[in-house]
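In each ligand, atom 1 is the first atom listed, and ligand 1 is the first ligand listed.
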Amino acid sequence: MKPVTPSVEIFFFPYLGGGHQIPMIDAAIVFASHGASSTILATPSSAPHFQKLITRHHKSGLPIAIHTLSADVPEADMSAGPFLDTSALLQPVHDFLLQRRPHCIVVDMFHRWAGDMIYELGIPRILFNGIGCFARCVQDNFSHAAIEGLSSDSEPFLVPNLPDRIEMTMSQLPPFLRNPSEVPERVRGMKQLEEKSFGTLINSFYDLEPAYADLLKNKWGKKAWIVGPVSLCNRTKEDKTERGKPHTIDEEKCLTWLNSKKPSSVLYVSFGSLARLPPQQLKEIAYGLEASDQSFVWVVGKILNNPSENSENKENGSGSWLPEGFEHRMKETGKGLVLRGWAPQLLILEHAAIKGFMTHCGWNSTLEGVSAGVPMITWPLTAEQFSNEKLITEVLKIGVQVGNREWWPWNAEWKGLVGREKVEVAVRKLMEESAEAEEMRRRVKDIAGKAARAVEEGGTSYADVEALIHELLAQTLPNQA
Ligand code: UDP
């Protein structure tokens, strides 16, 4: 990308959970590659995750830097849930803003306390909420009239006023949408962060969800810049390997295994940075994968241990949750690779051997799957993931639902298991040859092409990055008045 102007200074203040931190770092790289002087506000615990990557970009000439704040919110694991209190960072962020007075600060919605402080300093604040236009429209357009008279949480209702006919159930919604009288203080804080803001930065691209982008920007008049997929700024193998926290799996083993597979023959299974699946669910997945007779790479993240065992949620686990002899059989037959820990997701998704992606529909994983041209098996769990599933399977028609119907408060006990039969059916539907599966693949490859074009010069996301930089430069900053 060609820098336009070197004179705009933007701060990026990411949250500590992986699904929010990673795209914000990518966004900082995107803006730096357009010439904006980009500074990432990090904590002593979070900086090591992206220090190497940012130092390398800085050395190669990008105007990008990390500023490590003098306070910490210890979270070395990038698995912070949405309600971790980060307000210990208020004073150092305030002081640094005062000292440097950037043209604007892009702030994650989970820093709920930041709104007033930034407003009082008179520095334009741009909200980053980590979701796409479709999910945002579902959320903003949700009407309690639509759910009046429903006989159960599993009865479908029509989400009103959307460009497509979208039905959801109450069981797929977060509690604050189901019951408006129970909107917690922290959700109100997030709303306040958007009020009086300069606008919203959206990690998506216009051609993915044009009707919803138009609804947000034109019909509802929201000020938004749609600048993604930001993950596409990671162009080299090094970029992709160093993204997120340092991976704990054996990358070479994984790539060697994938290299030994035929093109378009392997299912990639991952549930993101936050989800903790209980052993019983992992067992059902294992049985379902084995019965499907398809090759797979399964990245097992954190495991939800039985609360009665009084143990911590641990990464990796002992493996005793797998069916007897499972890993041995997978090794013998070469059918499957089970990896524990943190994986270089972009490298895996973009490998020629990957044919499908079983995902929890986190927005980043969704965009990364789309950008890699890989159709999905959707298994939403929490947050806005059920909306993302609707976009994938019903609007874009590039995925198959596994059939989970229950929204899950990510750190609570697991409600309903998805049985092995459902897993097998979904895997076969996506991975076996059929006209329907072929059509999904054709569609997602077409969308992947549009994603790549969006971030290139002349593309819609490229233009939105430029537009925001120009708008910021046109502002009269408080220190210039
Ligand atoms: N990710 C990764 N390796 C892993 C797990 C996740 O690189 O082993 C990255 C993934 O590529 C994505 C992010 O972590 O960029 C997860 O974000 P998403 O919105 O999909 O889900 P969340 O983790 O927020 O539930």
Atom 13 (C) of ligand 1 sits nearest the protein heavy atom I22 CD1, 3.9 Å
* Any side-chain donor-acceptor pair under 3.5 Å between W342 and S273? -> no
Near W363 (heavy-atom distance under 4.0 Å), the atoms of ligand 1 are 19 (O)
Nearest non-hydrogen protein atom to atom 12 (C) of ligand 1, with distance, is E368 OE2, 3.5 Å
- prompt: Parallel, tilted or perpendicular: which describes the rings of Y268 and F357, with under 30° parallel and over 60° perpendicular?
  reply: parallel
Heavy-atom check, side chain of F134 versus side chain of I166, under 4.5 Å: yes
For W257, does the six-membered ring have the charged nitrogen or CZ of K253 within the cation-pi criterion, i.e. under 6.0 angstrom from the centroid and within 45° of the normal?
no
Per-atom filter on ligand 1: closer than 4.0 angstrom to a heavy atom of H360 are 20 (O), 21 (O), 22 (P), 25 (O)
Among non-hydrogen protein atoms, atom 19 (O) of ligand 1 lies closest to N364 ND2, 2.8 Å
Quick note on ligand 1: atoms under 4.0 Å from a heavy atom of S365 include exactly 18 (P), 20 (O)
Interatomic distance, OG@S46 vs CG@L69, rounded to 0.5 Å, equals 8.0 Å
Can a salt bridge be assigned to the pair K237 and E252 using a cut-off of 4.0 Å between side-chain N and carboxylate O?
yes
Among non-hydrogen protein atoms, atom 23 (O) of ligand 1 lies closest to S273 OG, 2.4 Å
Atoms of ligand 1 under 4.0 Å from any heavy atom of A343, numbered from 1 in the order shown, are 2 (C), 3 (N), 4 (C), 7 (O), 8 (O)
So, 4.0 Å and heavy atoms of H20: is ligand 1 close enough to count as a contact? no
| said: Main chain of V299, side chain of S270: is a donor-acceptor contact present, judged purely on distance under 3.5 Å? | reply: no
Atom 5 (C) of ligand 1 has as its nearest protein heavy atom W342 CZ3, 3.6 Å
Within 4.0 Å of some non-hydrogen atom of Q345, the atoms of ligand 1 are 2 (C), 7 (O), 10 (C), 11 (O)
Notebook entry, point to check: Is M330 close to F296 at the side-chain level, that is, under 4.5 Å between some pair of heavy atoms?
Noted result: yes
One finds that the ligand 1 atoms under 4.0 Å from a non-hydrogen atom of G19 are 17 (O), 24 (O)
